[in-house]
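Below is one structure, written out as structure tokens; the observations come after it.
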Amino acid sequence: MHSSYKTPQVRQLAWCIGALPLYPLTGYQAFKAGADEDIQPWLAQLDAQPAPLLSFLLTNTSPLLGARFESYLQFFCQYGPGNQLLTANLQVSENGITRGEFDLLYRHGGQHLHLEAAVKFYLCLPDADGSDPAHWYGPQNHDRLDLKLAKLGQQLQLANSSAGIAALQAAGINTAPQPRYLLNGMLFSPWNSPCQNPAPIQHQGKWLWLSQVDELLSMGNEWLLLEKTDWLGAVITPQIYSAAQVKAALTAHFTGKGFARMLTRHVEDGCAETERYMLVHDNWPLKS
């Protein structure tokens, strides 16, 4: 349903709240936005009149992708069908030491909910089979899937701690919230290599080194290099580029800072993407 909306920000919102978890978190319930008969009409109305969403997104000026993801979720928890936002980013401290933070606390119907959420893009190590969450690294090697799962589990326990209870009460929340987790993003298997990818099929992609890009680009002539703000959800565009244009842009990019780039392949008429790739420098992974 994500690609059925004409407004890019509504497509991104639908993607942010509609995904199945990249990886199951044992012992905790995954977030569900609500019944389709409630969510889809609400999104359709936003698509027809997106001004409230667009104005809300302007209140967060952070360039970080995670901050944009959080803005979408905060908008949903505040304005989604049957929702009431109680508070966001509520810090938990004990004896002057920060113990954690409640990402989002909101009410849906008669339920008080505590949502911990993250959006991540992980690549399977080239010499691993993907069966262990420790095999999946961020493109800059800053984090791993197993560490993120452990952190989510810790955060979801906050309401069971004395410091967490005190923080909730200080915020006027006297009902113990039910924990939910949302781990969105994509998992990228090595290109042309076997790998067990545990993500839902629509959240799977392939990664490759820059030295492999000529072979990839020989497969077609309908590509788009995504800006990082467009990593969230499906991209629909008539502005596709040739293999030569993409190669020139990648060469210039990796000559400079060399951060990973996302590439999508499109059908002939330039509509919805058919495949998504993460491109990294030939020295990836550089693990310390």
Is there a donor-acceptor pair under 3.5 Å between the side chain of [X] and the backbone N or O of [Y]?
X    : Y    : value
W136 : G130 : yes
Q78  : F75  : no
T59  : F56  : yes
Q212 : W209 : yes
D103 : A117 : yes
S93  : G96  : no
R99  : V92  : no
N184 : A19  : no
R276 : H203 : no
Q12  : T229 : yes

Output field: ring centroids Y181/Y28 closer than 6.0 Å: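 Not under 6.0 Å, so no.
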[Y] side chain reached by [X] side chain, heavy atoms, under 4.5 Å:
X    : Y    : value
E215 : W191 : yes
L168 : L90  : yes
I17  : F31  : yes
F76  : I39  : yes
L13  : Y5   : no
P126 : S193 : no
Y137 : P285 : no
L183 : L22  : yes

With sequence neighbours left out, which residue pairs that include part of residues 87-120 fulfil the ring pair (Phe, Tyr, Trp, His ring centres under 6.0 Å) condition?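 Of all non-adjacent pairs touching residues 87-120, those that pass ring pair (Phe, Tyr, Trp, His ring centres under 6.0 Å) are F102-H114.
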Could you state whether [X] and [Y] fall into the same hydrophobic cluster, counting links through intermediate Ile, Leu, Val, Met, Phe, Trp or Tyr residues with side-chain heavy atoms under 4.5 angstrom apart?
X    : Y    : value
L73  : L85  : yes
L156 : L115 : no
W231 : W223 : yes
M219 : M278 : yes

Atom CD of residue position E227 - does it have more than 12 heavy atoms of other residues, nucleotides or ligands inside 6.0 Å?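 Count not over threshold, so no.
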Other residues, nucleotides and ligands only: do more than 12 of their heavy atoms fall within 6.0 Å of NZ on K151?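 No, the 6.0 Å shell around NZ holds no more than 12 heavy atoms from other groups.
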Working to the nearest 0.5 Å, report the span between CD of Q157 and CD of Q155.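 Spacing of CD (Q157) from CD (Q155) equals 11.0 Å.
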From D129 atom CG to S189 atom OG, the distance as rounded to the nearest 0.5 Å: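 D129 atom CG to S189 atom OG measures 10.5 Å (nearest 0.5 Å).
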Kindly indicate, with the supporting measurements, whether the criterion side chain to side chain contact (heavy atoms under 4.5 Å, CB included) is fulfilled by R180 and Q111. CA-CA 12 Å; R180 298 287 187 271; Q111 291 183 309; 3.9 Å; yes
Determine all donor-acceptor pairs shorter than 3.5 Å in which one atom belongs to a side chain in residues 247-256; sequence neighbours excluded.
unit_1	atom_1	unit_2	atom_2	d
K247	NZ	D214	OD1	2.9
K247	NZ	D214	OD2	3.3
T251	OG1	K247	O	2.9
H253	NE2	F259	O	2.5
T255	OG1	T251	O	2.6

Step by step, would you call D143 with Y122 a side-chain hydrogen bond (donor to acceptor under 3.5 Å, both in side chains)? CA-CA 9 Å; D143 60 314; Y122 291 119; 2.7 Å; yes
Given the rule in the side chain to side chain contact (heavy atoms under 4.5 Å, CB included) test, do L104 and N89 qualify, once you have shown the distances and angles that lead to the verdict? CA-CA 6 Å; L104 290 157; N89 306 124; over 6 Å; no
Least distance between heavy atoms, A260 atom then V280 atom: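 Nearest heavy atoms, A260 then V280: CB-CG1, 4.0 Å.
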Sole candidate of F121, W284, Y277, F188 that passes ring pair (Phe, Tyr, Trp, His ring centres under 6.0 Å) when paired with W207: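 Exactly one pass, corresponding to W284.
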Can you see whether S62 engages N60 through a side-chain donor-acceptor pair at a distance of less than 3.5 angstrom?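 Checked: S62/N60 side chains show no N/O donor-acceptor pair below 3.5 Å.
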Tell me, with the steps shown, if R11 and Q9 meet side-chain hydrogen bond (donor to acceptor under 3.5 Å, both in side chains). CA-CA 5 Å; R11 287 201 303 272; Q9 292 85 351; over 6 Å; no
Is there a side chain to side chain contact (heavy atoms under 4.5 Å, CB included) between D230 and L224 once you walk through the steps? CA-CA 11 Å; D230 292 325; L224 182 66; over 6 Å; no
Distance-only donor-acceptor pairs under 3.5 Å for side chains of residues 43-52, two or more places apart:
unit_1	atom_1	unit_2	atom_2	d
Q45	NE2	Q49	OE1	2.5
D47	OD1	K6	N	3.3
D47	OD1	T7	N	2.9
D47	OD1	T7	OG1	2.8
D47	OD2	K6	N	3.1

